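Written below as structure tokens is the structure these notes are about.
Residue numbers begin at 1 in each chain, while the letters A, B, ... track the order of the sequences. As the structure is a computational prediction, the values presented were derived from the model and not from experiment.
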There are 2 protein chains.
Amino acid sequence: MTNTSAMNKVNLETSVNHHIAISAIMIKRVFFKILSRNKLNITPEQWNVLYHLSESDGLTAGELSELTYKDLANMSRMTQKLEIAGLIEKKRDDTDKRIFKLFITEKGKVLNNRLHEYAFESTNISLEGIDEASKKIMVKSLKQVILNTEKFLK
Amino acid sequence: MTNTSAMNKVNLETSVNHHIAISAIMIKRVFFKILSRNKLNITPEQWNVLYHLSESDGLTAGELSELTYKDLANMSRMTQKLEIAGLIEKKRDDTDKRIFKLFITEKGKVLNNRLHEYAFESTNISLEGIDEASKKIMVKSLKQVILNTEKFLK
DNA sequence: CAGAAGTATTTGTCATGACAAATATATTTA
DNA sequence: TAAATATATTTGTCATGACAAATACTTCTG
């Protein structure tokens with residue numbers, strides 16, 4: 001044996017983490033596919049931003065990065081692209097000139113509503129055959145995972 | 001209302017898909033952090049390749065891309081990096097000259113064993129406080145998600 | 001067996017993710 | 001109030017993900 005320390009071998013076949021990772025990849029791929037099939041020139045990540053702005057307009061890039069669990073640097077680039085695409089607007093704050101407040105445009109709202117439909121469709125595809133009780137347990141457990149990892153990373 | 005069609009609004013707060021996506025991001029982030037803290041010059045994705053090669057040596061890039069649910073183009077680049085890092089070797093097949101067979105090196109094996117320890121550690125962090133029954137249900141449901149999405153994408 | 005079709009891998013491009021460093025503005029403090 | 005700190009955002013770099021196109025072999029078929 002190459003390694004003489006205690007061997008805690010991970011078995012991907014039974015690993016919860018691994019199945020979460022693969023499911024996430026596949027779910028995103030399905031959503032991505034549905035979006036491109038329908039010629040929607042937007043990514044799942046960009047939709048996430050639109051979603052949050054349509055729920056509460058006027059968020060900053062920093063607030064959005066927390067809500068979406070994304071790096072602020074990447075959020076900055078995403079909002080640039082969304083602004084260029086005319087889906088959101090950035091307005092410099094009057095009292096604090098470091099801040100941009102972000103607003104969804106009319107074009108963005110229209111697209112967002114269509115995206116809800118496609119997100120709904122992609123949800124139905126991925127969750128087919130899974131009963132409500134299991135879904136509840138999954139959401140509860142996944143919330144716990146998120147809490148655990150947030151605590152570790154803090 | 002902007003949209004006059006049937007409105008199937010998605011609520012991220014209760015969405016299984018959304019919680020899978022966020023959990024996956026956070027789990028990877030924890031593992032990534034543990035790896036860089038320990039000065040392991042490798043990414044979670046690259047470990048995935050090492051893992052599979054240590055389980056069954058001599059796989060091709062195509063086989064690896066299926067096992068890891070990754071794009072073949074990206075797998076090609078990942079194996080290039082792993083070869084440069086001296087963790088795997090690519091050997092041209094004698095009978096079919098299009099194929100490379102991939103082998104983990106001694107250096108790769110040593111690293112792989114260390115990575116199992118860190119994967120184990122990161123699993124414990126993310127799953128703390130989740131009971132065995134819930135874990136079983138999660139794995140079973142997530143396998144179903146993977147099947148559902150594979151079927152759709154095929 | 002030559003050309004067509006299929007297969008394995010690579011390369012190019014654009015979006016995202018992690019993370020360090022830079023920039024601009026605000027706030028705190030000596 | 002000037003200097004140090006803190007905060008919001010941006011830019012740069014490298015790895016990854018999706019996807020189209022190119023390359024190099026193999027296999028199939030007329």
Side-chain angles (χ1 to χ4, degrees), chain A residues 21-22 24-37 39-49 58-66 68-85 87 90-102 149 153, chain B residues 21-22 24-37 39-49 58-66 68-85 87 90-102 149 153:
Chain A
I22 302 297
I25 289 172
M26 296 298 283
I27 287 168
K28 190 188 282 188
R29 211 172 275 177
V30 166
F31 193 30
F32 198 96
K33 191 68 111 187
I34 291 175
L35 294 183
S36 56
R37 267 189 198 170
K39 312 270 184 224
L40 295 180
N41 204 19
I42 190 167
T43 65
E45 309 304 335
Q46 289 171 0
W47 177 55
N48 228 307
V49 175
L59 295 168
T60 66
E63 289 164 340
L64 268 173
S65 82
E66 284 193 22
T68 58
Y69 291 81
K70 294 194 189 313
D71 187 298
L72 177 54
N74 299 320
M75 180 53 67
S76 170
R77 273 177 282 245
M78 281 176 59
T79 56
Q80 286 170 37
K81 280 169 204 150
L82 286 168
E83 190 182 32
I84 289 168
L87 299 169
K90 295 167 71 169
K91 291 185 187 157
R92 188 67 87 171
D93 190 274
D94 287 331
T95 55
D96 186 340
K97 283 172 192 150
R98 293 170 303 180
I99 292 176
F100 282 114
K101 292 199 169 171
L102 305 173
T149 50
L153 291 170
Chain B
I22 302 297
I25 289 172
M26 296 298 282
I27 287 169
K28 191 189 280 190
R29 212 172 275 177
V30 166
F31 193 29
F32 198 95
K33 191 68 110 186
I34 291 175
L35 294 183
S36 56
R37 267 190 197 169
K39 312 272 184 221
L40 295 180
N41 204 20
I42 190 167
T43 66
E45 309 305 335
Q46 290 170 359
W47 177 55
N48 228 308
V49 175
L59 295 168
T60 66
E63 289 165 340
L64 269 173
S65 83
E66 285 194 20
T68 57
Y69 290 80
K70 294 195 188 314
D71 187 297
L72 177 54
N74 299 319
M75 180 53 67
S76 170
R77 273 177 282 246
M78 282 177 59
T79 55
Q80 285 168 37
K81 280 169 202 147
L82 286 169
E83 189 182 32
I84 289 168
L87 298 169
K90 296 168 71 169
K91 292 185 187 158
R92 188 66 89 171
D93 190 275
D94 287 330
T95 55
D96 187 339
K97 282 171 193 151
R98 292 170 303 180
I99 293 176
F100 281 114
K101 292 200 167 170
L102 305 173
T149 49
L153 291 170

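- Residue T43(A) places at least one side-chain N or O closer than 4.0 Å to OP1 or OP2 of dT16(C).
- With distances taken from any side-chain atom of K97(B) to the nucleotides dT26(D), dT10(C), dA15(C), the minimum falls on dT26(D).
- The side chain of Q80(A) contributes no N or O atom lying less than 4.0 Å from OP1 or OP2 of dT9(D).
- We find that CG of L82(A) is positioned 16 Å from C1' of dT9(D), with the value rounded to whole Å.
- Scanning both residues, F32(A) and T43(A), for their nearest heavy atoms gives CE1-CG2, 4.4 Å.
- The backbone N or O of L72(A) lies less than 3.5 Å from no partner atom in the side chain of S76(A), so there is not a single donor-acceptor pair.
- OP1 and OP2 of dG17(C) both lie 4.0 Å or more from every side-chain N or O belonging to K28(B).
- Closest non-hydrogen pair, E83(B) versus K90(B), comes out as OE1-CD, 3.2 Å.
- Rounded to the nearest 0.5 angstrom, I22(B) CD1 and N48(A) CG are separated by 6.5 Å.
- Atom pair K101(A):NZ and dA8(D):C1' shows a separation of 13 Å (rounding to whole Å applied).
- In this structure, A61(A) and K33(A) both approach DNA chain D, and ranking their closest nucleotides by distance from the 5' end singles out A61(A).
- When the nearest nucleotides of DNA chain D are assigned to S36(A) and M78(B) by heavy-atom distance, the more 5′-ward of the two goes with M78(B).
- Annotation: the span from R92(A) atom CZ to R98(A) atom CZ amounts to 10.5 Å, rounded to 0.5 Å.
- Within the 4.0 angstrom heavy-atom criterion, no nucleotide atom of any strand lies near T68(B).
- Of the candidates dA15(D), dG12(D), dA18(D), the closest approach to any side-chain atom of N74(B) belongs to dA18(D).
- When the side-chain nitrogen and oxygen atoms of Q46(A) are compared with OP1 and OP2 of dT16(C), one or more of them lie within a distance under 4.0 Å.
- When rounded to the nearest whole Å, the span between CG of L72(A) and C1' of dT16(C) equals 14 Å.
- Ranked by how close their nearest DNA chain C nucleotide is to the 5' end, R29(B) and G62(B) are led by G62(B).
- Atoms CZ (F100(A)) and C1' (dA24(C)) sit 11 Å apart, rounded to a whole Å.
- Comparing atom distances between the E45(B) side chain and each of dT9(D), dG17(C), dG17(D) picks out dG17(D) as nearest.
- Atom CD of E83(A) is separated from atom C1' of dT9(D) by 13 Å (rounded to the nearest Å).
- Evaluation of atom-type donor-acceptor distances gives a pair under 3.5 Å for the side chain of R98(B) against the base of dT7(C).
- Regarding N41(B), its CG atom lies at a distance of 19 Å from the P atom of dT13(D), rounded to whole Å.
- Taken to the nearest 0.5 Å, the CD1 atom of I99(B) stands 11.0 Å off from the CG atom of D94(B).
- As a whole-Å value, the separation of L35(B) CG from dT16(D) P is 12 Å.
- The side chain of S76(B) contributes an N or O atom lying less than 4.0 Å from OP1 or OP2 of dT10(C).
- Among the nucleotides dC19(C), dT10(D), dC25(D), the one closest to the side chain of D71(A) is dC19(C).
- Residue contacts shown for S65(B) are absent, as no nucleic acid heavy atom lies under 4.0 Å away.
- Comparing K90(B) and A73(A), the nucleotide of DNA chain C nearest to each residue sits closer to the 5' end for K90(B).
- Within 4.0 Å of I99(A), counting heavy atoms only, lie sugar-phosphate atoms of the nucleic acid but no base atom.
- Judged by atom type and distance alone, R77(A) reaches the base of dG12(D) through a side-chain donor-acceptor pair under 3.5 Å.
- Taking atom NZ of residue K70(A) and atom C1' of nucleotide dA8(D), one finds them 19 Å apart after rounding to whole Å.
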